[in-house]
Amino acid sequence: MYSENNLLQGLNDKQLQAVTLPHVSALILAGAGSGKTRVLTTRIAWLIQTGQTSPMGLMAVTFTNKAAKEMLTRLTSMLPINTRGMWAGTFHGLCNRMLRAHYREAGLPNTFQILDTADQLSAIKRVMKVMNVDDEKYPPKQVMGYINSCKEEGLRAHTVDAYDGHSQKLREIYDAYDQQCNREGVADFAELLLRCYELLEREPHIRAHYQQRFQYILVDEFQDTNRLQYLWLKLLGGAHNSIFAVGDDDQSIYAFRGARVGNMSDFQRDFQVQNIVKLEENYRSHSNILDAANAIISNNQNRLGKNLWTSAGKGEPIRIYDAYNDTDEAQFIVDEVNMLQNEGVALGDIALLYRSNAQSRILEHTLFSSNIPYRVYGGLRFFERAEVKHALAYMRLIGNANDDTALLRIINFPPRGIGARSLEQLQEAARQNECSLWQAATNKVGEGKLGSKGLDGFVALIRHMVDQAYGIALGEVAEMVTTVSGLMAHYQNDKEGEDRIENLKELVTAAVAFSKQDLGNHHNMEEDADLMTQFLNHASLEAGDHQADVGHEALQLMTVHAAKGLEFHTVFISGVEEGLFPHEQAAYENGGLEEERRLMYVAVTRARQRLYLSYAQSRMLHGQVRYGIASRFLDEIPAELTKRLNSKPVAKSYAAGGQYTAKPGVPPVAHSSYPFKIGQSVRHGKFGEGVVVSYEGNASDLAVKINFGSAGLKTLMLEYAKLEKI
DNA sequence: GCGCTTTCACTTTTT
DNA sequence: GTGAAAGCGC
């Protein structure tokens with residue numbers, strides 16, 4: 001049997017203090033590798049085991065499904081209890097659950113569908129077309145960003161400020177978009193949160209119900225919450241409940257998508273937080289790595305303040321490699337990986353991190369030619385694949401034919417002769433009758449006015465599917481849809497359709513598995529939706545894994561963002577260059593440089609034993625050669641913690657960006673008549689140190705362009721400029 | 001209406 | 001270098 005002692009055994013003083021806090025709100029500042037998840041799950045287990053609450057009284061909120069799952073898995077290994085009564089999940093998942101339970105009060109149809117980002121964008125494009133908005137002046141992606149950030153601030157079209165013609169137009173589009181979503185009975189991701197927030201705010205009895213129920217609310221990754229998520233928590237927390245917020249301001253790397261680190265200090269103020277527990281003992285890395293991370297992050301001004309320490313030894317020095325170019329960098333990494341493997345380090349315990357996805361190509365290429373198995377995280381996930389989304393769109397139409405987004409996706413796929421022309425007529429008819437596209441289509445067919453033969457066939461097809469779907473199991477619906485729609489046949493005729501057919505089959509398997517899993521669960525009385533709606537929601541809210549072939553030993557490739565929360569024996573951070581890391585487009589933004597620095601902090605703290613940092617003097621990016629200098633973050637690491645593998649450190653100053661793209665046409669290689677190679681570091685009496693970027697003019701009158709970092713980009717006449725190689 | 005060719009832009013990302 | 005979107009010819 002489990003005893004309380006057993007549960008709390010092995011916790012350090014701070015962890016123990018956090019786990020056993022009384023029923024008050026608390027902020028746990030959990031540094032990287034300080035046992036954050038353990039504290040969170042042990043707290044839950046302890047609350048239940050000591051009888052302070054039952055699973056029913058608990059709500060645990062995370063950002064990703066993965067984090068939610070991990071928490072539940074760990075919890076069940078700690079306590080032999082059923083966690084079913086506990087609400088654990090993502091903000092979106094929990095809001096969805098509440099909206100389903102109170103769909104009438106929330107003003108939604110009981111089968112409302114969730115738009116993912118791609119669906120939302122196409123819905124916005126549609127609204128803009130109807131409104132005749134110039135998409136050059138208002139790029140749909142920007143409009144989407146505007147709408148989502150309004151929603152994440154808790155603002156509706158009628159509450160948001162507009163100062164000029166431009167913002168008034170945006171507000172108008174926002175309003176029309178929301179109306180369209182209501183008409184079609186769909187909700188985007190941000191809408192789930194905002195709608196739920198408004199529901200709780202508007203309906204005192206619903207709010208009271210959840211406030212009474214969830215006496216204990218636990219929030220993971222609190223530094224990543226946005227304004228609306230914070231307001232939602234505040235509403236649920238009410239006046240008496242305890243919110244146990246766990247986070248790390250130094251690992252806040254999602255400001256670009258609305259995360260507000262300021263929520264941490266607001267929380268302290270709004271909830272009169274007396275208990276701030278700092279978890280600073282790190283159980284992951286050796287001290288050289290932690291000292292480097294501490295040194296880097298200490299350059300940030302806006303911090304709550306925290307210093308990681310470990311009782312492990314200094315460990316290995318941080319290895320720094322100065323590569324000639326990106327190929328050289330990749331080859332260096334390959335050589336080191338081979339060496340590590342010979343030393344017995346498992347390939348899966350080695351990570352290769354980069355700032356932006358574009359960097360992975362050259363790395364993959366080099367790994368491939370060296371026969372090193374690797375796995376790239378990122379890219380399309382299962383439920384985001386085109387063929388899968390097509391099949392899901394047919395299923396959505398079966399459930400709700402008024403879902404215009406779904407209809408537009410497949411009205412002519414596979415191709416059935418409904419082109420832009422007939423579509424426009426259909427949309428015009430729908431506009432005039434203020435009805436859905438489906439209703440407009442059935443009207444046309446009913447009147448015998450065949451806009452096109454294809455339309456007739458389409459209406460018949462969907463009706464046939466609705467008939468077929470009646471009374472059969474979810475898996476059978478999926479199977480029927482993939483064949484009757486003609487998707488299977490279409491991809492069978494396609495030379496490259498093999499993978500797509502596999503994915504469609506996989507979708508059927510997933511649907512079958514989903515029904516079984518659902519039968520196993522007690523049906524939740526609060527959830528009214530039918531199984532297919534639930535399955536479609538599952539597909540939207542949990543887009544599936546990032547194609548990871550588990551089991552195969554492979555080197556792990558991912559962006560630094562994707563690496564957050566993970567740890568590895570060895571970590572390579574590549575492209576540690578000005579302009580790339582910190583990224584030039586981030587460095588200019590307000591607070592952008594500090595976020596880049598936190599990103600570097602996250603990257604460094606992923607390593608347990610060994611850390612490599614590498615940069616390249618030149619690299620191919622966006623089809624052009626770029627010349628860079630080493631990142632300022634490298635200089636922020638005390639030299640005694642590092643080991644330069646091939647060159648000496650050079651003191652320099654930095655410009656924002658610090659990189660320059662050579663003009664096309666300028667030879668990227670050294671010319672015999674040029675005294676300096678492109679990429680050569682030089683010293684100038686007035687401007688200091690810089691990098692040769694390009695040559696201009698003819699041989700008799702040659703000018704050289706040099707990037708002097710903080711002194712800027714200068715074009716100097718070679719004849720007069722006194723330049724010294726360094 | 002469909003498919004091929006050209007053009008353009010391009011950090012980070014979960015739900 | 002690459003993928004998506006727009007433009008053009010059949």
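Every chain is numbered from 1 and lettered A, B, ... according to where its sequence line falls, protein lines coming before strand lines. The figures here come from the full heavy-atom set of this structure, side chains too, leaving out hydrogens, waters and symmetry mates.
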| request: To the nearest 0.5 Å, tell me how far A:M59 CE sits from A:F214 CZ. | output: 4.0 Å
Salt bridge check: are [X] and [Y] linked by an N-O gap of less than 4.0 Å?
{"X": "A:K389", "Y": "A:D119", "result": "yes"}
{"X": "A:R385", "Y": "A:D499", "result": "no"}
{"X": "A:K66", "Y": "A:E221", "result": "no"}
{"X": "A:E577", "Y": "A:R632", "result": "no"}
{"X": "A:D250", "Y": "A:R598", "result": "no"}
{"X": "A:R416", "Y": "A:D456", "result": "no"}

Of the candidate nucleotides [options], which contains the atom at the shortest distance from the side chain of [X]?
{"X": "A:S422", "options": "B:dT13, B:dG1, B:dT15", "result": "B:dG1"}
{"X": "A:P415", "options": "B:dT11, B:dT15, B:dC2", "result": "B:dC2"}
{"X": "A:A586", "options": "B:dT11, C:dA5, B:dT14", "result": "B:dT11"}
{"X": "A:K125", "options": "C:dA5, B:dT13, B:dT11", "result": "C:dA5"}
{"X": "A:R361", "options": "B:dT15, B:dT11, C:dT2", "result": "C:dT2"}

For [X] and [N], what is the distance between atoms [atom1] and [atom2] respectively, to the nearest whole Å?
{"X": "A:E542", "N": "B:dT15", "atom1": "CD", "atom2": "P", "result": "7 Å"}
{"X": "A:K69", "N": "B:dT14", "atom1": "NZ", "atom2": "C1'", "result": "14 Å"}
{"X": "A:K564", "N": "B:dT13", "atom1": "NZ", "atom2": "P", "result": "12 Å"}
{"X": "A:M600", "N": "B:dT11", "atom1": "CE", "atom2": "P", "result": "18 Å"}
{"X": "A:L121", "N": "C:dA4", "atom1": "CG", "atom2": "P", "result": "13 Å"}
{"X": "A:E595", "N": "B:dT13", "atom1": "CD", "atom2": "P", "result": "12 Å"}
{"X": "A:L580", "N": "B:dC10", "atom1": "CG", "atom2": "P", "result": "17 Å"}
{"X": "A:I362", "N": "C:dT2", "atom1": "CD1", "atom2": "C1'", "result": "14 Å"}

| Short side-chain to backbone donor-acceptor contact, A:N96 and A:H92, under 3.5 Å | no
| query | What do you reckon, do A:Y254 and the base of B:dT14 stack, with centroid distance below 5.5 Å and planes below 30°? | reply | no
Compare side-chain N and O positions of [X] against OP1 and OP2 of [N] and report whether any pair is under 4.0 Å apart.
{"X": "A:N412", "N": "B:dG1", "answer": "no"}
{"X": "A:N357", "N": "B:dT12", "answer": "yes"}
{"X": "A:R381", "N": "B:dT13", "answer": "no"}
{"X": "A:T559", "N": "B:dT13", "answer": "yes"}

| field | Distance-only polar pair, side chains of A:Y601 and A:N300, donor-acceptor under 3.5 Å | value | no
| said: Considering every strand and a 4.0 Å limit on heavy-atom distances, what is the contact class for A:R355: base, sugar-phosphate, or nothing? | reply: base
| task | With heavy atoms under 4.0 Å as the rule, sort A:F256 into base, sugar-phosphate or nothing. | result | base
| query | Listed in order of residue number, which residues of residues 221-235 of chain A have a non-hydrogen atom at under 4.0 Å from DNA chain B? | reply | none
| For A:L541 and A:Q585, take the nucleotide of DNA chain B holding the closest heavy atom to each; which residue's nucleotide lies nearer the 5' end? | A:Q585
| said: Only Watson-Crick and G-U wobble pairs with both distances less than 3.5 Å should count. Give DNA chain B in dot-bracket notation, marking inter-strand partners with |. | reply: ||||||||||.....
| said: Evaluate A:R195 against A:Y197 for side chain to side chain donor-acceptor pair (under 3.5 Å), listing each step before the verdict. | reply: CA-CA 5 Å; A:R195 192 66 77 119; A:Y197 171 74; over 6 Å; no
| said: Could you check whether the side chain of A:S540 and the base of B:dT15 have a donor-acceptor pair of N or O atoms closer than 3.5 Å, going by distance alone? | reply: no
| Where is the tightest heavy-atom contact between A:A30 and A:D248, given as atom of each residue plus distance? | O-CB, 3.2 Å
